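Have a look at the structure below before the remarks.
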Amino acid sequence: MFKNKTKIIAIFLVMILLFSTTVVFAENTTADDGIMPISEDNHNVQNSTENSTNTTTSSNDDNYKSHDVYLVGNNITIDYVVDGNLFVCANTVTINSQIGGDAFIIAKNLTINKEGYVFSNLFVCADSIDIKGVVYGVYALAQNLTISGGYVYRDLNVSCNTLNVNGVVGRNAFVNCYTINFNTDETNNGIIYGNLNYTSDSQISIPENVVKGKVDYTPTPVSVEISVQEIITNFILHLGEFIVFVLIIWLACLLFAPKFLENASSYVGKKSLSILGYGLLTLLVVPIACIILILLQLTANVSLLLLALYILAIVISKSLFTITVNSYVCSKLNINKNIGILGMLIISAFVVGLLTTLPYVGGILSFVITVLGLGILIFSILPKKVKNNTEKVSVDKKEVSDSKENIKNNDNNID
């Protein structure tokens with residue numbers, strides 16, 4: 001449950017990076033979760049961007065913002081009502097007023113004083129968080145989070161080092177932390193009215209009556225170290241899978257595409273540069289073509305078919321490269337029988353699989369081999385130029401004419 005909650009925090013961080021600029025254009029949004037809005041009047045949606053550096057953000061002329069507010073600075077204090085969402089990126093942030101929507105904050109220190117009231121959720125990433133006022137819901141990443149007599153109206157979702165509960169959590173608390181401290185004073189005691197679900201290295205001693213619901217403890221997952229024997233076993237298994245897959249593709253070519261195997265050795269040499277170009281072009285152009293076909297709507301089915309063929313081509317590209325290299329090697333070694341070719345193919349697949357798993361350079365080699373395999377596939381499918389056939393016919397006619405002339409000369413010599 002807690003892991004799902006933290007996804008919202010990750011989305012919040014992305015939103016802060018998008019909105020923390022000097023000029024922002026966005027529409028106002030309001031929370032609709034049973035909370036009464038600050039104002040029921042309809043206002044024109046506007047945007048406000050206020051920059052502050054080493055000074056307190058305050059406005060004597062305008063104590064009410066009817067739209068979203070975006071702030072970037074060093075020390076920022078919010079002491080005016082915000083009837084909208086609040087986005088802040090600063091060193092120190094202090095909230096002394098009402099925030100009608102959500103508050104998205106990245107800061108070193110965040111303090112919500114007693115006058116502070118966040119009517120919706122608080123999404124925050126900070127070193128230190130101190131809640132003295134009221135917050136509807138909290139999603140936080142922090143070093144230390146303290147509820148100092150404050151009130152979290154609904155759920156508390158936090159991943160931190162230390163959680164100090166000296167106030168009230170209205171519903172459930174989902175906590176990933178090292179330690180949790182509860183204030184048990186009668187005048188200002190810490191209490192969670194719902195359930196406490198926490199993850200920690202070791203079980204924490206929770207005082208009685210501070211959690212009205214259930215307490216659920218989950219140990220921190222311990223990373224399992226993989227032994228050298230397991231690493232070697234996994235490597236051998238992956239290498240074996242690659243060799244078997246190459247053999248399957250070779251058998252399929254032997255049955256359904258024997259001409260490809262006959263011409264495979266010719267793809268190595270002068271044609272290699274052209275094949276590399278075909279592979280790169282296919283790798284880049286096909287996804288763009290698929291997107292264009294999807295946008296045209298009428299050709300969406302064609303796009304899906306093309307995308308499926310594209311993925312299939314990438315899957316078999318390394319195998320086609322291995323088969324091509326093996327054909328070239330067999331032609332140089334005068335290996336013509338299928339049994340000999342099969343034996344060399346196993347060796348070739350082993351070498352290619354080994355090269356693609358090398359540290360640092362294995363990824364680069366795997367990419368190059370994939371591109372070359374795509375190029376080989378495209379080059380073998382494309383129709384050959386008719387020019388080659390016409391040249392061959394002209395050469396044959398020339399040889400016939402030369403042979404006739406030679407016969408005529410021989411007859412003259414006999415006479």
Side-chain angles (χ1 to χ4, degrees), residues 235-283 312-358 361-403 406:
F235 172 76
I236 294 174
L237 287 176
H238 289 305
L239 192 59
E241 290 174 358
F242 176 72
I243 293 173
V244 171
F245 187 74
V246 171
L247 295 179
I248 292 173
I249 299 299
W250 179 76
L251 290 174
C253 292
L254 191 64
L255 294 174
F256 303 107
K259 290 185 178 180
F260 170 77
L261 296 179
E262 293 176 2
N263 301 325
S265 60
S266 64
Y267 298 145
V268 180
K270 295 181 180 180
K271 297 180 181 179
S272 298
L273 188 60
S274 300
I275 287 173
L276 182 63
Y278 279 118
L280 288 172
L281 193 63
T282 304
L283 194 66
L312 178 62
I314 291 178
V315 171
I316 66 174
S317 59
K318 289 183 181 179
S319 299
L320 294 179
F321 172 83
T322 306
I323 293 170
T324 301
V325 172
N326 182 73
S327 297
Y328 179 77
V329 172
C330 290
S331 65
K332 293 298 181 180
L333 298 177
N334 294 325
I335 300 176
N336 299 321
K337 295 183 179 180
N338 289 334
I339 296 178
I341 294 174
L342 179 62
M344 284 300 302
L345 183 60
I346 294 174
I347 298 174
S348 300
F350 176 81
V351 173
V352 173
L354 185 64
L355 291 175
T356 54
T357 55
L358 291 175
V361 297
I364 299 174
L365 290 175
S366 180
F367 174 77
V368 173
I369 289 172
T370 300
V371 172
L372 287 172
L374 280 174
I376 291 169
L377 178 62
I378 300 301
F379 191 83
S380 62
I381 293 175
L382 290 177
K384 302 299 181 292
K385 294 181 180 180
V386 183
K387 183 179 177 182
N388 295 333
N389 295 330
T390 56
E391 288 180 353
K392 185 177 181 180
V393 171
S394 62
V395 170
D396 292 339
K397 288 182 178 180
K398 186 178 179 181
E399 291 177 353
V400 171
S401 62
D402 290 341
S403 62
N406 291 332

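This one's a predicted model, so the numbers in the text were calculated from it and none came from an experiment. Below, each value reflects all heavy atoms present in this structure, side chains not excepted, and no hydrogens, waters or symmetry copies.
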(message) Suppose we screen for ring-ring contact (aromatic ring centres under 6.0 Å, His included). Which residues come up paired with Tyr278, at least two apart in sequence or across chains?
(response)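 Partners of Tyr278 by the ring-ring contact (aromatic ring centres under 6.0 Å, His included) criterion, ordered by chain and then number, come out as Phe379.
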
(message) Once rounded to the nearest 0.5 Å, what's the spacing between atom CG of Leu281 and atom CG of Leu276?
(response)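 Spacing of CG (Leu281) from CG (Leu276) equals 11.0 Å.
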
(message) Once rounded to the nearest 0.5 Å, what's the spacing between atom CG of Leu280 and atom CG of Leu374?
(response) 9.0 Å

(message) Surrounding CZ of Phe367 (heavy atoms of other residues, nucleotides or ligands, distance under 6.0 Å), is the total greater than 12?
(response)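 Atom CZ in Phe367 is not crowded, with 12 or fewer foreign heavy atoms closer than 6.0 Å.
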
Show which side-chain atoms of residues 316-323 pair as donor or acceptor with protein atoms under 3.5 Å away, not counting sequence neighbours.
residue: Ser317; atom: OG; partner: Ile314; partner atom: O; Å: 2.7
residue: Lys318; atom: NZ; partner: Ser366; partner atom: OG; Å: 2.5
residue: Thr322; atom: OG1; partner: Lys318; partner atom: O; Å: 2.8

(message) Side chains of Ser380 and Tyr267, heavy atoms from C-beta outward: is any pair under 4.5 Å?
(response) yes

Give every donor-acceptor pair under 3.5 Å between a side-chain atom in residues 242-264 and any protein atom, sequence neighbours left out.
residue: Asn263; atom: ND2; partner: Lys259; partner atom: O; Å: 3.2

Please list every donor-acceptor pair under 3.5 Å in which a side-chain atom of residues 332-357 meets a protein atom from a residue at least two apart or in another chain.
residue: Ser348; atom: OG; partner: Asn326; partner atom: OD1; Å: 3.1
residue: Ser348; atom: OG; partner: Met344; partner atom: O; Å: 3.0
residue: Thr356; atom: OG1; partner: Val352; partner atom: O; Å: 3.2
residue: Thr356; atom: OG1; partner: Gly353; partner atom: O; Å: 3.0
residue: Thr357; atom: OG1; partner: Gly353; partner atom: O; Å: 3.2
residue: Thr357; atom: OG1; partner: Leu354; partner atom: O; Å: 2.9

